[in-house]
Protein chains: 2
Amino acid sequence: MATISEPLYRRVRKDIVECALTPGKSFSEAELGRLYNASRTPVREACRRLEHEGLVRIIPFRGYSIAPLSVAEFHDLQEMQLIFEPATAALAAGRANQQELDEMRELATYEYNVEDTNSYHEFLQTNYQLHTLIAQASKNKRLSDVVSNVHVRLMRFFYLGLSFESHGPTLVAEHISMVDAICNRDAEEARIRATDHISKAIERSATLLMGAIRFGEAVFEASPDLAAATSSRRYIVPRI
Amino acid sequence: MATISEPLYRRVRKDIVECALTPGKSFSEAELGRLYNASRTPVREACRRLEHEGLVRIIPFRGYSIAPLSVAEFHDLQEMQLIFEPATAALAAGRANQQELDEMRELATYEYNVEDTNSYHEFLQTNYQLHTLIAQASKNKRLSDVVSNVHVRLMRFFYLGLSFESHGPTLVAEHISMVDAICNRDAEEARIRATDHISKAIERSATLLMGAIRFGEAVFEASPDLAAATSSRRYIVPRI
DNA sequence: TACGAGAAATCGGTATACCGACTGTTGACG
DNA sequence: CGTCAACAGTCGGTATACCGATTTCTCGTA
């Protein structure tokens with residue numbers, strides 16, 4: 001590989017996910033190019049990709065900003081998880097191969113130390129890998145791409161410390177329970193346990209959200225999504 | 001709006017969806033630029049977007065091709081529909097506003113003439129609009145974006161005449177039944193009817209697939225997805 | 001004739017100059 | 001003093017020249 005664009009894209013994505021690039025912060029192509037030592041063309045390309053993935057926002061003729069974090073987005077993404085994960089777990093139960101099952105067990109047993117930030121971040125990666133692997137095991141590439149994207153976008157919230165705090169052993173137990181069902185090829189049980197896992201994760205983050213909204217006023221945006229959703233325009237869906 | 005990129009993207013997407021651009025056909029940036037009277041930059045941008053949406057394939061340093069249609073993709077997309085549509089229908093039952101409900105009824109009653117290709121294409125658009133509207137009524141923007149993309153990708157198969165043939169009244173009945181449940185704010189009933197609708201659509205297309213695979217040898221690719229999926233590499237999911 | 005090395009052509013990746021859209025500022029006029 | 005219009009600065013959109021990766025063709029050699 002000799003392209004500038006691809007590694008640039010990965011680096012910027014990593015920095016956005018880990019919140020090294022502040023959510024909501026606006027920037028210009030030249031600025032980002034200076035930061036990562038690249039010229040405008042690959043920067044543009046990376047930004048376009050990131051926009052499709054919901055990590056960057058583009059205002060035509062104006063500029064860019066790191067996609068802000070909003071309560072609405074957090075809610076949307078978790079709602080999607082609640083729909084997707086039980087489905088992928090059930091499919092994985094029927095389709096995963098032995099290698100995948102082994103890998104799942106390995107990833108599911110990872111536990112982290114609440115006190116240690118590095119350990120927490122390590123866990124976030126492991127958690128991402130586990131859920132993505134389950135999605136991949138569904139053998140539905142298009143589906144697993146979507147699930148992976150949902151996780152990537154959620155990770156930004158987790159990197160802010162929004163969730164998971166002090167839930168280490170609980171989470172591991174839920175993961176193992178889910179993976180067990182998949183290993184037993186029990187699709188319905190896998191579906192139930194995945195639903196349970198995501199539901200509980202949503203409950204856990206709900207309480208944390210309360211505190212986060214206040215501290216995060218600089219980071220969280222004032223939910224323009226909601227305004228757009230409730231505006232009373234006529235619903236004409238465009239054709240292709 | 002004064003950009004070249006955006007309308008170009010829409011035009012190309014339309015042509016791909018309607019199979020005016022042959023699935024699998026390879027092309028170069030310059031070629032597409034000549035076809036649509038645009039220079040390389042906007043062409044590149046449009047192609048990148050389309051790649052992300054699964055309508056164009058990019059081979060690095062080599063060139064582009066219109067994403068081929070494969071049985072694997074068709075299967076994946078329908079499987080996703082079976083997961084997403086019942087969920088969006090249930091959410092829409094709880095969240096749709098009056099305008100959306102009115103619009104749904106209008107779209108659901110559209111019937112087409114089996115003999116007339118124009119009428120069939122008109123129906124494909126209406127069908128797309130209905131399903132997209134239901135997704136939008138879920139008030140989950142990220143979810144509805146995904147659902148919309150699944151439909152766009154499926155429409156290519158339908159434009160080939162792969163499905164829907166001579167099922168007009170049946171389809172309309174299923175649509176109305178689904179919309180009725182949503183209008184009654186009955187989430188569980190909406191979920192059931194959406195599941196029913198998609199299941200039947202999958203069954204209907206299954207029989208049609210048989211014939212299509214043969215006639216479509218030039219159009220359908222030999223399922224490299226399956227080969228990739230079953231290859232016995234070690235499953236290491238990359239980190240972010 | 002078969003094969004392989006090297007040259008040439010093709011085409012995407014990148015850098016960059018230029019253009020036009022949008023913003024913010026400033027100054028003149030009411 | 002307030003308002004609005006003209007202007008200048010900033011920055012993304014586009015066109016294009018150049019570069020390098022990949023492939024293909026060709027020609028010489030075994």
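What's counted below: heavy atoms across the whole structure, side chains too, no hydrogens, waters or symmetry copies.
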Counted 5' to 3', the first and last nucleotides of DNA chain D within 4.0 Å (strictly under) of a heavy-atom of chain B are D:dG13 to D:dT23
Looking at B:E73 and B:R57, does any basic side-chain N land under 4.0 Å from a carboxylate oxygen? no
Nearest-nucleotide check on DNA chain C, A:R40 vs B:E31; residue mapping nearer the 5' end is B:E31
Between A:R11 and A:D15, is there a salt bridge with N-O shorter than 4.0 Å? no
Nucleotide N/O of nucleotides 7-10 of chain C paired with protein N/O under 3.5 Å:
none

Parallel, tilted or perpendicular, as decided by the 30° and 60° cut-offs, for the rings of B:H175 and B:H131: perpendicular
Charged N to carboxylate O below 4.0 Å: is that the case for A:E100 and A:K139? yes
Can any side-chain N or O of A:D76 pair as donor or acceptor with the backbone N or O of B:N140 at less than 3.5 Å? no
Given atom CD of B:E51 and atom C1' of C:dG12, what is their separation to the nearest angstrom? 13 Å
Checking all strands, does A:T41 fall into the base, sugar-phosphate, or nothing category for heavy-atom contacts under 4.0 angstrom? base
Below 4.0 angstrom, N of the basic side chain to O of the carboxylate: do B:E6 and B:R49 qualify? yes
On DNA chain C, check which nucleotide each of A:P60 and A:S39 is closest to and give me the residue with the more 5' one. A:S39
Can A:L8 and A:T3 be said to form a side-chain contact (heavy atoms from CB on, under 4.5 Å), step by step? CA-CA 9 Å; A:L8 173 70; A:T3 85; over 6 Å; no
Are any of the side-chain nitrogens in A:E53 or A:R10 under 4.0 Å away from the carboxylate oxygens of its partner? no
Axis-to-axis angle across the helix from C:dT1-D:dA30 to C:dG30-D:dC1, five pairs an end, to 10 degrees? 10°
Looking at A:R40 and A:E45, is any side-chain nitrogen of the basic one under 4.0 Å from a carboxylate oxygen of the acidic one? no
Is a side-chain donor or acceptor of A:Q136 paired with a backbone partner of A:L133 at a separation under 3.5 angstrom? no
